[in-house]
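Remember, it's 1-based here, ligands and their atoms both numbered in the order they're listed.
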Amino acid sequence: METTVDRRGRHAEVSGAGFAGLTAAAALARRGWSVRVHEKGTELREQGAGIVLWHNSLKVLKAIGVYEAVLAGSMTPPYYETRFQHATVSHEDFGGLPWRTMTRPYLHRCLLDAALAAGVEIRTGSEVVAADPRGRVTLASGETLHADLVVGADGVKSKVRDSIGFEQERWKSRDGITRFLVPRHRAELGPGEWDNVIDFWNLEPRYLRVLYVPCNDRELYLALGAPRADEQGSRTPIDLDLWTSAYPELTPVLRAAATAADPRYYGYETTSVAEWRRGAVALVGDAAHAMPPALAQGAGCAMANAYTLAVAATEADDGDVEAALVRWEELERPVTDRCQRRSADFAATRSMSEGNQFTLENLETALYDPTNPNRHALSVGQS
Ligand SMILES: Cc1cc2nc3c(=O)[nH]c(=O)nc-3n(C[C@H](O)[C@H](O)[C@H](O)COP(=O)(O)OP(=O)(O)OC[C@H]3O[C@@H](n4cnc5c(N)ncnc54)[C@H](O)[C@@H]3O)c2cc1C
């Protein structure tokens, strides 16, 4: 439920129009803030292919008014199935926990609509090159702007974070992924449970993984995983013979992936920042806590933290945004840190391949309800 506190007259500058920046912007503007978002790209769009969202981010979408729109363009597959060396090892349905699959462009469009409907100003081709804890933002054009709150939502290479000099550790895992959005090709795939998410793992004779994610009736998200050191497996455009010999059952959709425009291989990145805030500046999303996608939770954490940031900054006692941000980090950070550690462990051990890994503990973040004011008093599974 939305808070009734209104901060008319307060101003926020947000760097980055990704999932984190747009969520923070929409949530702040709905609380009476004037909000300007800077996007360095000349277009407002989301790269990549598909995405899995869980209870935590679905609650946020509800709170910013675009839940119904997201439902209309997404789906809940019957099961998350894991196959190891071509044998099914688990069928997980998460015990009724809400989750949805969708394309990234669709989710981005819905978040953009939420921000625009709330009155957010969005500047494209506007790169933030620096920020300082007193609330000043410097743009590549040389213009400087002042705000009561600066939100660094500018991704893994955040200039807001790096210009202020937040202490951080960043590293890449040994594996990575190339993502595609292709037609479902259901008829050509033949009989099978093709509405499931299917996580195909082969560790022998080499590590090659395919994450198969239906997003709606027409579109399929395919993520092809291989070690960074495997030149052939990580090559783009993909080596069709390699992938169809490993996964002949996926030949129709792999063929479509082989002709996709501009594919890119992404090595899994982790960013661990000593603090998420300094003065009037807060970091959210991958700028603060990029994590490998093992548990499909990076964007979920980003949207949850962006939302709770907006609530905390709005409810700041006597307008003391700095103190409110300290408290926000204390309260929200532990759950994200645990998710990030688990995701890093899974990436290091590849043990998602064993199946049945979405335990209550591993779903802690997904179960979280960032919109519940009593969430910190609840234990896992109760929110
Ligand atoms: C392979 C893969 C699969 C994933 N799957 C899932 C999943 O299923 N579920 C899930 O929850 N998460 C998933 N994630 C994680 C998720 O994609 C990220 O956590 C999320 O997109 C981060 O959003 P963000 O807004 O913080 O950053 P970004 O998406 O990186 O957005 C940052 C924005 O800021 C802009 N920008 C950058 N620098 C500047 C600047 N200096 N000035 C102005 N603008 C700037 C960029 O152009 C961009 O628009 C996955 C990640 C990967 C790599």
Top protein contact for atom 39 (C) of ligand 1, by heavy-atom distance: Asp154 CB, 3.5 Å
Close approach of Ala223 to ligand 1, heavy atoms, under 4.0 angstrom: no
Enumerated ligand 1 atoms positioned under 4.0 Å from heavy atoms of Ser15: 40 (C), 42 (N), 43 (C)
State which residue, out of Val335, Leu363, Thr336, fulfils the side chain to side chain contact (heavy atoms under 4.5 Å, CB included) condition with Tyr368. Val335
Exam field: side chain Glu81 to backbone Glu92, donor-acceptor pair closer than 3.5 Å: no
His38 side chain to Glu13 side chain, donor-acceptor N/O pair below 3.5 angstrom: yes
Below a 4.0 angstrom heavy-atom separation, can you tell me which part of Ala287, side chain or backbone, both or neither, approaches ligand 1? neither
Can you list the ligand 1 atoms lying under 4.0 Å from a non-hydrogen atom of Ala153? 32 (C), 33 (C), 34 (O)
With a cutoff of under 4.5 Å between side-chain heavy atoms, which Ile, Leu, Val, Met, Phe, Trp and Tyr residues group with Leu208? Phe180, Val182, Leu189, Trp194, Ile198, Phe200, Val210, Tyr212, Leu220, Leu222, Leu224, Ile238, Leu240, Leu242, Trp243, Tyr247, Leu250, Val253, Leu254
Set out, in order, the CA-CA distance, both residues' side-chain angles and the distance that settles side chain to side chain donor-acceptor pair (under 3.5 Å) for Tyr268 and Asp175, then state yes or no. CA-CA 6 Å; Tyr268 300 156; Asp175 298 330; over 6 Å; no
Around atom 2 (C) of ligand 1, find the nearest protein heavy atom and jot down its residue, atom name and distance. Arg179 NH1, 3.5 Å
Nearest 0.5 Å please: distance from the CG atom of Leu61 over to the CG atom of Leu107. 6.5 Å
Give the residue, atom name and distance (to 0.1 Å) of the protein heavy atom nearest atom 42 (N) of ligand 1. Val128 N, 3.0 Å
Just jot down the ligand 1 atoms closer than 4.0 angstrom to any heavy atom of Gly298, in number order. 10 (C), 11 (O), 12 (N), 15 (C), 19 (O)
Go through the steps for Arg109 and Asp113 under the test salt bridge (charged side-chain N to carboxylate O under 4.0 Å, His left out), then give the verdict. CA-CA 6 Å; Arg109 182 71 242 176; Asp113 286 348; 2.8 Å; yes
Asp195 side chain to Pro77 main-chain N or O, any donor-acceptor pair under 3.5 Å? no
Side chain, backbone, both or neither: which applies to Arg104 and ligand 1 if a contact is any heavy-atom pair less than 4.0 Å apart? side chain
Just need the protein heavy atom nearest to atom 16 (C) of ligand 1, so name the residue and atom and give the distance. Ala299 N, 3.7 Å
N or O pair under 3.5 Å between Ala302 and ligand 1: no
Atoms of ligand 1, numbered as shown, that sit under 4.0 Å from any heavy atom of Gly285: 26 (O)
Are any of the heavy atoms in Tyr265 under 4.0 Å away from ligand 1? no
Please verify whether a non-hydrogen atom of Ser126 lies at under 4.0 Å from ligand 1. yes
Determine whether the aromatic ring centres of residues Trp54 and Phe358 are separated by less than 6.0 angstrom. yes
How close do Pro214 and Asn196 get, heavy atom to heavy atom, and via which atoms? CD-O, 3.3 Å
Atom 27 (O) of ligand 1 sits nearest the protein heavy atom Gly155 CA, 3.8 Å
Do the numbers put Arg228 on top of the ring of Tyr265, so that NZ or CZ is under 6.0 Å from the six-membered ring centre and no more than 45° off the axis? no
Relative to the ring of Tyr79, is the ring of His91 parallel (under 30°), tilted (30 to 60°) or perpendicular (over 60°)? perpendicular
Which one holds for Pro293 and ligand 1: side chain close, backbone close, both close, or neither close, with close meaning a heavy atom under 4.0 Å? side chain
Going by the order shown, which atoms of ligand 1 are within less than 4.0 Å of some heavy atom of Tyr221? 3 (C)
Top protein contact for atom 19 (O) of ligand 1, by heavy-atom distance: Asp286 OD1, 2.7 Å
Atom 1 (C) of ligand 1: of Thr101, Val14, Ile177, the nearest heavy atom sits on Ile177
Element-labelled atoms of ligand 1 that are located less than 4.0 Å from some non-hydrogen atom of Lys159: 41 (N)
Could you identify the single nearest non-hydrogen protein atom to atom 34 (O) of ligand 1 and state the distance to 0.1 Å? Gly16 CA, 3.2 Å
Distance-only, no hydrogens or angles: does the Glu329 side chain make a donor-acceptor pair with backbone N or O of Trp276 under 3.5 Å? yes
Evaluating non-hydrogen atoms only, which member of Arg123, Lys40, Glu39, Lys157 is closest to atom 49 (O) of ligand 1? Glu39
Aromatic contact, Trp201 with Tyr207 (centres under 6.0 Å): yes
Does the N or O separation between Val156 and ligand 1 drop below 3.5 Å for any pair? no
Any Phe19 heavy atom less than 4.0 Å to ligand 1: yes
Does Glu127 approach ligand 1 within less than 4.0 angstrom via side chain, backbone, both or neither, non-hydrogen atoms only? both
Report the nearest protein non-hydrogen atom to atom 7 (C) of ligand 1: residue, atom name, distance rounded to 0.1 Å. Ile51 CG1, 3.5 Å
Those atoms of ligand 1 less than 4.0 Å from some heavy atom in Gly300: 11 (O)
Evaluation steps, salt bridge (charged side-chain N to carboxylate O under 4.0 Å, His left out), between Glu46 and Arg104: CA-CA 6 Å; Glu46 172 62 28; Arg104 283 173 180 257; 3.1 Å; yes
Which of the ligand 1 atoms, numbered from 1, are nearer than 4.0 Å to a heavy atom of Gly18: 25 (O), 31 (O), 33 (C), 49 (O)
Take Gln357 and Arg342 through the test side chain to side chain donor-acceptor pair (under 3.5 Å) and record every step on the way to the result. CA-CA 11 Å; Gln357 295 302 315; Arg342 288 181 190 123; over 6 Å; no
